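Working notes, structure below.
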Amino acid sequence: MSSRVVSGGVVHAVPMDLRRVLIATPKALAAWEDLTPLARNEWICWVLWPKKAETRSQHVQRLRSELLEGKRRPCCWFGCTHRKDKEMSPSVRWVLSRRDKASA
């Protein structure tokens with residue numbers, strides 16, 4: 001494994017599976033490093049969100065593809081719960097409460 005530094009987000013460090021994919025794809029890593037810490041944090045949260053390893057792996061690969069396409073934030077996702085610059089919407093609170101109940 002390369003000792004290459006991969007910048008993390010506001011709250012999260014880069015998980016090892018994502019780190020490996022970014023290091024293996026220099027263009028994706030360059031796009032990653034060009035993101036703001038908040039945007040990186042949203043991607044990291046999006047990667048950590050799935051409970052199944054297979055789904056998480058799909059998120060990592062999609063992140064790589066979307067960075068290469070020039071996307072800067074996860075699409076079609078209600079956002080990182082760690083964002084403090086805006087209030088969480090009632091619909092997001094509802095989704096999170098249902099997810100918490102399902103995992104209990």
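Since the structure is predicted, the reported quantities are computational estimates derived from the model, not experimental observations.
Annotation: the span from H59 atom NE2 to I44 atom CD1 amounts to 14.5 Å, rounded to 0.5 Å. Separation of atoms CD (E66) and CZ (R73) is listed at 13.5 Å; rounding is to 0.5 Å. Taken from CZ in R62 to NZ in K71, the straight-line distance is 6.5 Å, to the nearest 0.5 Å.
Each of L68 and W32 belongs to its own hydrophobic cluster when Ile, Leu, Val, Met, Phe, Trp and Tyr are linked at side-chain heavy-atom distances under 4.5 angstrom.
Residues W43 and L18 have side chains not in contact (no heavy-atom distance under 4.5 Å, counting atoms from C-beta outward). Two residues are said to be in side-chain contact when any heavy atoms from C-beta on lie closer than 4.5 Å; P15 and R56 meet this criterion. Counting heavy atoms from C-beta outward, T36 and E42 have side chains that stay 4.5 Å or more apart. A heavy-atom distance below 4.5 Å is not found between the side chains of V21 and L63.
Within the 3.5 Å criterion, the main-chain N or O of S7 finds a donor-acceptor partner in the side chain of E33. Judged by distance alone, with hydrogens and angles left aside, the side-chain atoms of N41 form a donor-acceptor pair with the main-chain N or O of H12 at under 3.5 Å. Formation of a donor-acceptor pair under 3.5 Å by the S57 side chain with backbone atoms of A53 is not found in this model. Using a distance-only test at 3.5 Å, with no hydrogens or angles considered, a donor-acceptor pair links the side chain of R40 to the main chain of L35. A donor-acceptor pair under 3.5 Å is formed between the side chain of R72 and the backbone N or O of D34.
Between W46 and W49, a ring centre-to-centre spacing not shorter than 6.0 Å is recorded.
With a 6.0 Å radius and a threshold of 12 heavy atoms from other residues, nucleotides or ligands, E69 has its CD atom above the threshold.
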- Message: Determine whether L22 and L67 satisfy the following criterion, side-chain contact (heavy atoms from CB on, under 4.5 Å), listing intermediate values before the conclusion.
- Response: CA-CA 10 Å; L22 291 171; L67 285 176; 3.9 Å; yes
